[in-house]
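Below is one structure; the comments refer to it alone.
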There are 2 protein chains.
Amino acid sequence: MTIKKIKYHRVYEDVIEQIENLILEGNLAPGDVLPTERELAQAFGISRGTLREAFRILEREGLIETRPGGGRFLSKNLNKAEDKSRIIENIERATIIELLEAREIFETGIVELAAKRATEQDILEIETALEKWGKIDSDSDDPTSPDQAFHLSIAKATHNVVLVNLIDLHMDLLQKTLNKTVDIPGRKDEVYKEHFNILQAIKEKDPSKAREAILYHLKQVKQNILSTTNGR
Amino acid sequence: MTIKKIKYHRVYEDVIEQIENLILEGNLAPGDVLPTERELAQAFGISRGTLREAFRILEREGLIETRPGGGRFLSKNLNKAEDKSRIIENIERATIIELLEAREIFETGIVELAAKRATEQDILEIETALEKWGKIDSDSDDPTSPDQAFHLSIAKATHNVVLVNLIDLHMDLLQKTLNKTVDIPGRKDEVYKEHFNILQAIKEKDPSKAREAILYHLKQVKQNILSTTNGR
DNA sequence: GTGGGTAATTGGGTGATCCAATTCCATCGG
DNA sequence: CCGATGGAATTGGATCACCCAATTACCCAC
């Protein structure tokens, strides 16, 4: 039997959940005013202070708005507000396979764009990132952040903030798993070579060559990950 | 002179900002224990209750962790915690051009995958979504959500949660702008036709045909948007 | 040392209390 | 009759004193 962490129960979290449920069940409509702090506190059987902690969170998430002296009411765009944080949470729960698959799709697009658009300055930054990767020795504590930096520098060459941030997010989520693959003997040099080829294609402004280079790289990464994990 | 909205000043927001600054300036390192509630409250010159409201937020954002009876300490991965919410904010600030460009990249990948993987059930759901789009009349108040549903149903056919959520996010962000393009005379029927072609290609399990169909559709969408806006 | 018990510390939560902004309504003036 | 006005009640913002439960630190017996 596995050992479960005992999670401390916070009252305010219950309250948040209950209020969220009320909203989702449609018992409360956008724009509706909520009962007063004092009423709700009594109804929930908790103190005003605790209730307000819950409201602070709901406020931050955009579910409710507060008019001091006036009252609290549901904000109009309740669904979207919550969706956005949920989207990231959903992505976090994805399997590595799914992440890699998505990454393959948009990183091929990124390198193609980068090959078309990279300025001399962009290329310089990619080179710098590549060199940092070359310098790390395997005892270094965090070998993936240079890798992140390399892929990020390429994304930046597209001059598209959406693509930059998507890669950013993905590298973050993959980081823990990627760490393990660097330990594979000889893998570090291979990665350097693969990165080098990508850079080369971008320098030559050859989108299809860049595409092939990143596809090969991602294929290797995938293989290495699968050999060190069980796919989650 | 323009009239500025008077923003109500919440004490707890100040506290959050100050603590965040302390962290960013490096005066506090990951893992460090924070002073006790009582000490900090006194230092800030506020009550414990207010201070705790601030901590609730910081806790939710993953910056700090709390051990009841133990104390509060900075969580190890402070940078990432904040990054994640920032990533979405960054994407929200992107121009429409950038959004469309990114979407082109990964929606082509999505339809290709969908064409390979769609089950009969998936195709049924895409058809249903398409029919709903056919039924709306232009006076309807929200013509884009059927459009969203269509593209979302295709993403679902990839059986990859990452791709589903990425499309979800993008459609959300594009929604406001897309609304306008439907008003263009005759555009509604064209969109139906374009959607139909995409579905057809998926039914035929023909990835490259699906790719062409979505590329054509996105090209049209882009043109229509550019004709109704000025690119932001 | 090790284990266990005890006291101090710390966050969790409550309730009474005051303040400031908002809302509501009765009142007054035209 | 109707709109402006000026309190009074209401409501969220914040504080303070207080108690509880979990954690921690420490000392002592073995």
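Here is how names work: the chains are called A, B, and so on, in the same order as the sequence lines, proteins then strands, and each is numbered from 1.
In this model, no side-chain donor or acceptor of A:R10 finds a partner on the base of C:dG12 within 3.5 Å.
Each of A:Y12 and A:G71 was assigned the nucleotide of DNA chain C with the nearest heavy atom; the assignment lying further toward the 5' end belongs to A:Y12. Each of A:T50 and A:G70 was assigned the nucleotide of DNA chain C with the nearest heavy atom; the assignment lying further toward the 5' end belongs to A:T50.
Heavy-atom distances under 4.0 Å link DNA chain D to B:G45, B:I46, B:S47, B:R48 of residues 40-49 of chain B, given in residue order.
B:D122 contributes a side-chain N or O that, together with a main-chain N or O of B:T119, makes up a donor-acceptor pair within less than 3.5 Å.
In this structure, A:L51 atom CG and C:dG12 atom P are separated by 17 Å, rounded to whole Å. Look at CZ on A:F55: it is 13 Å from P on D:dT11, rounded to the nearest Å. Put simply, CD on A:E37 is 14 Å from C1' on C:dT14, counting in whole angstrom units. For B:E13 and D:dG13, the CD to P distance is 11 Å, given to the nearest whole Å. One interatomic measurement links the two molecules: CZ of B:R52 to C1' of C:dG13, which rounds to 7 Å at whole-angstrom precision. Separating the CD atom of A:E65 from the C1' atom of D:dT11 is a distance of 17 Å, rounded to the nearest angstrom. Computed from coordinates, the A:E53 CD to D:dG13 P distance equals 13 Å when rounded to whole Å.
Residues passing the side chain to side chain contact (heavy atoms under 4.5 Å, CB included) test with B:S153 are B:I126, B:A129, sequence neighbours excluded. Residues that satisfy the ring pair (Phe, Tyr, Trp, His ring centres under 6.0 Å) test with A:F150, not counting sequence neighbours, are A:H195. Scanning for side chain to side chain contact (heavy atoms under 4.5 Å, CB included) contacts around A:Q223 gives A:K219, A:Q220, with sequence neighbours left out. For B:Y12, the ring pair (Phe, Tyr, Trp, His ring centres under 6.0 Å) test picks out no residue, with sequence neighbours left out. For B:R38, the side chain to side chain contact (heavy atoms under 4.5 Å, CB included) criterion is met by B:T36, B:R48, not counting sequence neighbours.
Put simply, the side chain of B:V161 does not reach to within 4.5 Å of the side chain of A:I91, judged on heavy atoms.
For the pair B:R72 and C:dG12, the criterion of a side-chain N or O lying under 4.0 Å from OP1 or OP2 is met. Neither OP1 nor OP2 of C:dT9 sits under 4.0 Å from any side-chain N or O of B:T36.
Of all nucleotides listed (D:dA14, C:dG12, C:dT23), C:dT23 comes nearest to the side chain of A:R67. Here D:dG12 is the nucleotide among D:dG12, D:dA14, C:dG12 with the atom lying nearest to any side-chain atom of A:R38.
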